[in-house]
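Take a look at the structure set out below.
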Amino acid sequence: NPTKGTMAGEGAAFFVLSNQESGKNKAELRDMHTLYNPSNFKETESFVSTFLEKNSISRNEIDLVVMGNNGDRRDQAIYDELNKSVFNGLLQLAYKQYCGEYPTSTSFAVWLATHILENKTLPSWLLKDDGEQKPIKNLLIYNHYQNKYHSLFLMKAC
């Protein structure tokens, strides 16, 4: 809905991280990076492109982008611009309709991404139909809060 404002949310999460492989691993967090208060869209676009280059992964290897769209028209422009450039043509999923907007909502996205990567497919409750899916092995989370606090998480199936 292109209006001012969004659905508020609240949440907390914790994860157990290890640098050791085991049969209990659900997903791999390959890298994460933050950007504070970019001066323009080009800086944000470069933030994403540089992050992918640093991790030696092309955008075509990303099976799913989990996006922080929140329904507030004041926050939507950056997502629209990224959709025209670095995320153009990539499968995307917005997550804030499930948890609302709050400063640490990316923790919900990491939880959701872990669930998706553990099963290598989207959960049925996220699907509109039962169409065939390709396996999800590489996943990128992009979120911003108030267009000041930007974050990227690159995750991979085990």
Side-chain angles (χ1 to χ4, degrees), residues 1 6-35 44-45 47-72 75-76 78-146 149-158:
N1 190 7
T6 187
M7 178 179 72
E10 185 176 352
F14 72 92
F15 302 91
V16 177
L17 302 176
S18 174
N19 63 355
Q20 303 296 313
E21 287 188 38
S22 81
K24 295 179 182 180
N25 296 129
K26 297 181 183 283
E28 177 184 345
L29 175 61
R30 291 186 55 193
D31 197 4
M32 63 88 54
H33 199 69
T34 60
L35 172 67
T44 305
E45 183 180 45
F47 166 66
V48 175
S49 297
T50 302
F51 180 80
L52 295 175
E53 288 172 20
K54 176 184 158 215
N55 285 284
S56 300
I57 189 165
S58 76
R59 50 178 247 88
N60 296 330
E61 294 174 276
I62 302 294
D63 300 308
L64 177 66
V65 181
V66 177
M67 303 279 277
N69 306 62
N70 66 7
D72 187 330
D75 294 330
Q76 187 59 36
I78 193 74
Y79 296 109
D80 292 342
E81 290 300 316
L82 288 171
N83 286 337
K84 293 176 191 171
S85 62
V86 291
F87 298 149
N88 187 22
L90 298 178
L91 180 63
Q92 297 177 22
L93 165 72
Y95 71 88
K96 288 184 184 173
Q97 71 252 29
Y98 302 107
C99 68
E101 175 71 278
Y102 55 101
T104 58
S105 70
T106 309
S107 64
F108 180 87
V110 171
W111 169 82
L112 180 60
T114 300
H115 181 74
I116 290 169
L117 290 167
E118 179 181 21
N119 296 296
K120 296 180 182 62
T121 188
L122 293 171
S124 60
W125 55 272
L126 288 174
L127 299 175
K128 292 181 181 176
D129 58 43
D130 292 329
E132 189 173 331
Q133 295 184 56
K134 72 175 192 170
I136 298 173
K137 299 174 192 164
N138 293 300
L139 185 149
L140 182 68
I141 299 170
Y142 170 73
N143 182 45
H144 76 79
Y145 182 70
Q146 300 176 342
Y149 310 95
H150 298 251
S151 60
L152 284 166
F153 289 75
L154 180 60
M155 298 180 67
K156 182 178 180 181
C158 291

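Bear in mind the structure is a predicted one, so any value in this text is a computation, not a measurement.
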Side chain to side chain contact (heavy atoms under 4.5 Å, CB included) between T34 and Y149: does it pass, once the steps are laid out?
CA-CA 7 Å; T34 60; Y149 310 95; over 6 Å; no
Verify the distance criterion only: is there a donor paired with an acceptor across the side chains of [X] and [Y] at less than 3.5 Å?
X	Y	answer
E101	T6	no
Y145	T104	no
Q92	N83	yes
S151	N143	no

Looking at [Y], is its backbone amide N or carbonyl O close enough to the side chain of [X] to form a donor-acceptor pair, meaning the two atoms are under 3.5 Å apart?
X	Y	result
N119	H115	yes
D63	L139	no
N25	S22	yes
R59	N88	yes
R30	L154	no
N55	I57	no

Is E10 atom CD crowded by more than 12 heavy atoms from other residues, nucleotides or ligands, each under 6.0 Å away?
no
Return the [atom1] to [atom2] distance between [X] and [Y], rounded to the nearest 0.5 Å.
X	Y	atom1	atom2	value
W111	Y95	CH2	OH	13.0 Å
L112	S107	CG	OG	11.5 Å
L117	K137	CG	NZ	11.5 Å
N19	L29	CG	CG	12.5 Å
N138	M155	CG	CE	11.0 Å
M67	L140	CE	CG	9.0 Å

Taking all non-hydrogen atoms of both residues, which atom of [X] and which atom of [Y] are closest, and how far apart?
X	Y	value
K26	T114	CB-CG2, 3.7 Å
Q146	H144	N-ND1, 3.9 Å
L90	I62	CD2-O, 3.9 Å
K96	M7	O-CE, 3.5 Å

Which is it for F108 and Y102 under the ring pair (Phe, Tyr, Trp, His ring centres under 6.0 Å) test, yes or no, and what are the steps along the way?
CA-CA 10 Å; F108 180 87; Y102 55 101; 8.1 Å; no
Counting C-beta onward and ignoring hydrogens, is there a side-chain heavy-atom pair between [X] and [Y] closer than 4.5 Å?
X	Y	answer
Y79	F87	no
L122	L64	yes
I78	T44	yes

Could you label the plane-to-plane angle of the F47 and H150 rings as parallel, tilted or perpendicular, counting under 30° as parallel and over 60° as perpendicular?
perpendicular
Go through it in stages, so that I can follow the logic: the residues are F153 and H33, the test is ring pair (Phe, Tyr, Trp, His ring centres under 6.0 Å), and I'd like the CA-CA distance, side-chain angles, deciding distance and then a yes or no.
CA-CA 7 Å; F153 289 75; H33 199 69; over 10 Å; no
Checking E28 now: which residues fulfil salt bridge (charged side-chain N to carboxylate O under 4.0 Å, His left out) with it, not counting sequence neighbours?
none
Tell me, with the steps shown, if L152 and D31 meet side chain to side chain contact (heavy atoms under 4.5 Å, CB included).
CA-CA 8 Å; L152 284 166; D31 197 4; over 6 Å; no
